[in-house]
Amino acid sequence: FYGIDDPLYLFPLLFALNRSGVQTIGFQHGLYSCNDFGYAVRQCMSFEWYDKLVVWDQLWADAYIRINPFYPKSSVLVGIGAEQFEIEHTPNPRNRQILCMYERFLNVKEYVWFLKALINAGFSLTIKMRPESTVKDVAGEYGFDKEEMKKIDICDHIDSELISRISLIVGCKTSLLYSLLT
């Protein structure tokens, strides 16, 4: 069984799969944080989990192992993560372009307030989309009006050409944001 590592919904399924002898592999879906209930409680006790877990990169392997002391270190496999970004960033202080992540699992109202403040201050945004999302989702969920949408570009992937135009990266709770910092 292959699945994402959502700690809030998978416990009953993984319990049944593990008891039935089905081998399981999980893939990192998001941020590993002590502030996330599904991971925070694991510092106190063991939970049903995947036989193997594939994480983005070494940063996330270390984070997962630190907040999940009952999970065997040998079961965490490091994926390609940040290594796929061979990016050299040369800051340009006059550049007014910001890369931000399309995030939904946070206080959207506060995040959008911040993004709109950046637009009102004269910045343009490039929003890195989630695979399942559309421009209509961004406009609707974030409440951007037509004038604000004129200052927003959408991208599906991050590469050196995009980063060369960016002066600031903004986000709250996304594994990609942390991977870009490494």
Side-chain angles (χ1 to χ4, degrees), residues 1-91 98-108 110-111 114 126-133 155-164 166-182:
F1 175 80
Y2 301 93
I4 61 170
D5 63 343
D6 190 323
L8 299 178
Y9 303 103
L10 285 172
F11 292 139
L13 176 60
L14 288 172
F15 180 86
L17 291 170
N18 290 339
R19 295 302 181 278
S20 300
V22 174
Q23 292 293 303
T24 58
I25 300 175
F27 295 90
Q28 181 180 2
H29 174 254
L31 175 75
Y32 294 138
S33 167
C34 293
N35 297 330
D36 186 321
F37 174 77
Y39 296 112
V41 295
R42 296 177 193 201
Q43 293 181 357
C44 305
M45 60 191 332
S46 177
F47 277 86
E48 294 290 329
W49 203 234
Y50 290 101
D51 295 312
K52 300 284 184 186
L53 178 66
V54 180
V55 299
W56 285 105
D57 55 30
Q58 191 61 49
L59 172 87
W60 294 109
D62 295 342
Y64 190 86
I65 291 164
R66 185 178 63 252
I67 63 177
N68 295 282
F70 296 100
Y71 192 72
K73 293 178 187 178
S74 61
S75 295
V76 178
L77 308 172
V78 176
I80 61 169
E83 289 78 19
Q84 66 186 315
F85 300 113
E86 294 181 13
I87 296 171
E88 289 189 31
H89 185 235
T90 53
I98 297 173
L99 173 63
C100 58
M101 309 298 140
Y102 178 45
E103 300 193 55
R104 299 186 326 228
F105 305 107
L106 64 140
N107 185 323
V108 172
E110 288 180 8
Y111 186 58
F114 180 68
T126 297
I127 298 179
K128 163 62 174 78
M129 297 298 289
R130 299 176 71 87
E132 72 280 2
S133 303
C155 74
D156 292 321
H157 68 280
I158 296 171
D159 57 22
S160 293
E161 192 276 323
L162 172 65
I163 293 296
S164 70
I166 300 298
S167 59
L168 181 67
I169 299 173
V170 174
C172 293
K173 193 175 181 183
T174 174
S175 55
L176 177 60
L177 177 67
Y178 289 91
S179 292
L180 286 168
L181 293 173
T182 59

Inset, instruction - Determine the minimum heavy-atom distance between Ser133 and Tyr102, stating which atoms define it. - result: OG-CE2, 3.1 Å
Inset, instruction - Ignoring hydrogens and angles, tell me if any N or O in the side chain of Asp57 forms a donor-acceptor pair with the backbone of Trp60 under 3.5 Å. - result: yes
Inset, instruction - Over all heavy atoms of both residues, which pair between Thr126 and Cys155 is shortest? Give the atoms and the distance, please. - result: CG2-SG, 3.8 Å
Legend entry - Test item: Gln28 side-chain N/O and Trp56 main-chain N/O as donor-acceptor pair under 3.5 Å: yes
Legend entry - Least distance between heavy atoms, Leu77 atom then Lys52 atom: CD1-CB, 4.2 Å
Legend entry - Heavy-atom check, side chain of Ile169 versus side chain of Ile98, under 4.5 Å: no
Legend entry - Approximate separation, where rounding is to 0.5 Å, of Asp156 CG and Ile127 CD1: 12.0 Å
Legend entry - Close side-chain approach of Leu99 and Lys128, heavy atoms under 4.5 Å: yes
Legend entry - Main-chain N/O of Phe70 paired with Asn68 side-chain donor or acceptor, under 3.5 Å: no
Inset, instruction - State, yes or no, whether a side-chain contact exists between Cys100 and Tyr111 at a heavy-atom distance under 4.5 Å. - result: yes
Inset, instruction - Describe, in one word, how the ring planes of Tyr71 and Tyr64 are oriented to each other, choosing from parallel (under 30°), tilted (30 to 60°) and perpendicular (over 60°). - result: perpendicular
Inset, instruction - Provide the closest heavy-atom pair for Asp51 versus Val22 in the form atom of the first, atom of the second, distance. - result: OD2-O, 3.7 Å
